[in-house]
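Written out below as structure tokens is the structure these notes cover.
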Amino acid sequence: MVPAIQTMSTKRILLVEDEPGLVLTLSDRLRSEGYDVDVAGDGESGLARATGEPFGLVILDVMLPGLNGFEVCRAIRRQGVQTPILMLTARGETTDKVVGLKLGADDYLAKPFDTLELMARIEALIRRSNGSAGATPAGYRFGDVVVDFRRAEVERGGAPVELSAREFRLLRHFIEHRGATLSRQELLNEVWGYDAMPLTRTVDVHVAGLRQKLEPHPKRPQYLLTVHGLGYKFVG
Ligand code: CA
């Protein structure tokens, strides 16, 4: 939905798979097609990467050590990360397909698969997610909040919310970097600019302001989270 991230991350693919042979074949093939490939060998690290960094696509195997692919998929979506997910399922397991799509996967492919087929699916998923970014007005929705970037307007439950220009820019920055932990210094640099020299406390005040206006329970935020000792993270 936010073109700035899409263009940056479109060619990055996260491959969550534990079989070394398949990892090797797939990552070679994907790289030869011009993709940047990152590999996670188990569910936990796959989840951490998928929710902490921007990717154009996640290829997620169902059978993984630790958290399985379904659990990873569900957790990624629960954290509000909308990256397209292609699940690799066991052959003939139609229940796998249904469960995967229900948990928020965008497509699935049964093993063993044809590499050409996989490439076609990948291209389609990435094109679709880019296409929807171009076609919809530059907006973002989380909970009952709707953000219109072009008109710099925010609505909550259908009613307009008054944000200061700085609060709006801060919110926009959070949305553009959703899922990532942002330090106070980084937010100051990006949202206030290097020359402004405000105090890091300024960030806290503005985050508190956004929570007050946008969170259902400002004291127990569910979108603008505090990451203790590090900064803030937007999930939504
Ligand atoms: Ca596997």
Side-chain angles (χ1 to χ4, degrees), residues 1 5-133 177-181 225 227 233 235-236:
M1 286 201 196
I5 325 180
Q6 296 284 2
T7 49
M8 195 176 71
S9 59
T10 295
K11 295 300 261 183
R12 276 190 86 197
I13 292 180
L14 177 64
L15 173 60
V16 190
E17 169 62 87
D18 59 313
E19 292 160 49
L22 191 53
V23 167
L24 201 64
T25 326
L26 274 186
S27 46
D28 274 1
R29 181 59 198 261
L30 289 165
R31 283 183 186 120
S32 76
E33 298 282 336
Y35 295 104
D36 288 329
V37 185
D38 285 34
V39 177
D42 62 78
E44 280 80 4
S45 60
L47 175 60
R49 300 290 302 271
T51 54
E53 299 167 48
F55 289 98
L57 179 78
V58 177
I59 300 174
L60 182 57
D61 188 34
V62 171
M63 298 291 285
L64 291 168
L67 290 177
N68 70 36
F70 294 135
E71 294 168 311
V72 174
C73 180
R74 176 169 43 205
I76 289 174
R77 292 299 185 238
R78 279 204 177 145
Q79 294 194 33
V81 173
Q82 298 301 321
T83 310
I85 297 176
L86 173 66
M87 297 210 69
L88 301 180
T89 66
R91 181 178 207 167
E93 294 287 329
T94 45
T95 49
D96 276 11
K97 163 196 160 186
V98 174
V99 172
L101 296 178
K102 214 170 166 182
L103 292 176
D106 298 274
D107 201 357
Y108 73 97
L109 201 53
K111 286 181 174 179
F113 48 79
D114 180 77
T115 324
L116 279 177
E117 173 70 14
L118 177 70
M119 291 303 147
R121 300 290 185 95
I122 290 172
E123 275 175 35
L125 283 173
I126 290 180
R127 203 179 325 121
R128 200 202 301 168
S129 87
N130 284 347
S132 64
H177 297 82
R178 59 192 176 279
T181 299
L225 309 183
V227 184
K233 171 157 96 168
V235 293

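Indexing begins at 1, ligand by ligand and atom by atom, following the structure's order. None of the values given here were measured: they were computed from a predicted structure. Here, residue 1 is the first one in the sequence, and each next residue gets the next number.
- Ion pairing of Arg31 with Asp38 is absent here, as no side-chain N (NZ or NE/NH1/NH2) approaches a carboxylate O to less than 4.0 Å.
- Using a 4.0 Å cut-off between charged side-chain N and carboxylate O, Asp36 and Lys11 make no salt bridge.
- Looking at Glu17 and the Ca ion (ligand 1) together, the shortest N, O or S contact belongs to OE2.
- Between Arg78 and Glu71, no side-chain nitrogen of the basic residue sits less than 4.0 Å from a carboxylate oxygen of the acidic one, so the salt-bridge criterion is not met.
- The atom of Asp18 that is an N, O or S and sits closest to the Ca ion (ligand 1) is OD1.
- The N, O or S atom of Asp61 with the smallest distance to the Ca ion (ligand 1) is OD2.
- Using a cut-off of 4.0 Å between Lys/Arg side-chain N and Asp/Glu carboxylate O, Lys111 and Glu17 are scored as salt-bridged.
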